[in-house]
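One structure below.
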Amino acid sequence: MKKIKLLFLGGILSNFLIGQTPVSLNGSLSVQGNQIVNKNNTVVSFAGPSLFWSNTWWGGEDYYTKEVVSWVKSDWNATIIRASMGVEANGGYISDTTNKARVKVVVDEAINQGMYVIIDWHSHHAEDYKTQAIEFFKEMANTYGDYDNVIYEIYNEPLQISWSNVIKPYAEDVIEAIREIDSDNLIIVGTPTWSQDVDVASNDPITGYDNIAYTLHFYAGTHTQNLRDKAITALNNGIALMVTEWGAVNANGDGAVDETETNLWMDFLCDNNLTHCNWALNDKNEGASALVQGASTTGGWSQSDLTTSGNLVKDIVVNWCGGLATNQGEIQNNAINIVAYPNPLQENLTINLNSNNDSETLTITDTFGRVVWKHEKKNQSQLQINTSYLQAGTYFLEVANGIEIRTIKLIKK
Ligand code: MG
């Protein structure tokens with residue numbers, strides 16, 4: 001009887017029963033071209049909540065508990081969580097280092113649960129606290145650099161300041177310090193205008209380091225297609241993005257949930273394999289909060305403990321990208337899974353083909369629809385093409401398996 005009941009208990013529990021977690025399935029994450037891939041070079045995206053500012057006496061710090069982390073893993077099917085360590089504001093890390101202990105509670109439990117976890121330097125003026133950022137991230141890298149779970153986010157939301165003259169030099173110094181200790185874990189870099197100007201960063205990307213991605217933030221009540229267009233520009237320029245924070249409400253964190261625009265964004269994130277964390281797992285009386293005021297700080301929340309936003313977000317996370325989360329690291333039957341890099345093209349284009357299909361047809365066409373390259377995949381997992389014969393312009397790599405077609409836009413400069 002017991003056995004039969006267990007069969008009805010969904011993917012997450014069966015994964016748990018056989019000892020699999022998001023991190024055991026996917027291992028270390030890395031950046032290939034404009035995509036984030038797992039240990040098998042498969043494109044992946046993860047979904048979960050972001051905790052609120054950790055600042056002392058702000059209220060959000062109460063939810064930095066191991067019970068909350070384990071609850072969102074088991075009840076929300078969250079594969080990632082973000083710890084947002086307040087820096088310069090009242091009660092933040094600069095004046096109160098107990099914030100670091102709060103972050104470590106979350107990171108330690110995420111590692112225990114096999115989830116990915118973002119250590120976020122939650123600041124709007126990080127360039128003014130670079131010395132402290134370097135000291136903090138060196139400690140985090142020494143403590144956690146060997147864990148595949150950990151992602152460093154070194155600048156939450158820069159204001160309207162220069163990418164090339166302020167943010168990029170700050171980021172390079174912090175990255176250098178982290179990379180002296182931890183050579184590989186993902187590092188996410190904030191972009192100008194509250195992490196919206198990813199297109200600006202993509203015109204002058206950080207070079208010389210592996211596994212660097214860039215922050216895109218949006219609030220669905222405020223930001224619409226023109227911000228998605230900026231993200232497309234950045235992806236086409238070849239940088240990888242991560243949505244470390246987004247809201248279903250207005251950019252000030254308040255207002256009503258915009259479900260229509262949220263769904264447009266979620267389709268966009270799923271289509272482009274963008275990992276995301278929702279702002280915020282907190283009970284403050286504002287639209288973005290996932291929890292109603294006074295909700296338990298040890299999880300166990302029912303539907304009535306979640307706000308309108310919280311219920312929508314939980315539904316998104318549980319079902320992320322068609323159930324992708326529960327299958328992360330396993331390749332779904334017949335689904336095309338492809339990554340092509342570098343993009344924009346250099347001499348050689350590498351194409352990783354990760355699906356279970358024995359045969360797939362690959363073509364590259366120009367903007368007139370003329371086929372400039374064609375290949376039949378036969379049990380290959382990786383191809384390399386010399387593209388030096390292509391003239392500058394836009395091309396489309398299409399992969400078809402008889403059931404679905406995937407298209408990737410390629411740029412030759
Ligand atoms: Mg490492």
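Note: hydrogens, waters and symmetry copies are ignored here, and every other heavy atom, side chains too, is used. In each ligand, atom 1 is the first atom listed, and ligand 1 is the first ligand listed.
Taking the six-membered ring for Trp and the full ring otherwise, the centers of H223 and W246 sit at least 6.0 Å from each other. Taking the centre of each ring, W279 and H122 come in below the 6.0 Å mark.
The Mg ion (ligand 1) has no N, O or S atom of D146 closer than 2.8 Å. Among the atoms of A141, none of the N, O or S atoms falls under 2.8 Å from the Mg ion (ligand 1). The nearest N, O or S atom of N185 is closer to the Mg ion (ligand 1) than 2.8 Å. The Mg ion (ligand 1) has no N, O or S atom of D148 closer than 2.8 Å.
For D182, the N, O or S atom closest to the Mg ion (ligand 1) goes by the atom name OD1. Of all N, O or S atoms in D184, the one lying closest to the Mg ion (ligand 1) is OD1.
At distances below 3.5 Å, not a single donor-acceptor pair connects side-chain atoms of S309 with backbone N or O atoms of A290.
Here the rule is ring pair (Phe, Tyr, Trp, His ring centres under 6.0 Å) with W121, and of Y93, W53, Y129, Y170 only Y93 fits it.
More than 12 heavy atoms of other shown residues, nucleotides or ligands fall within 6.0 angstrom of atom CD in Q384.
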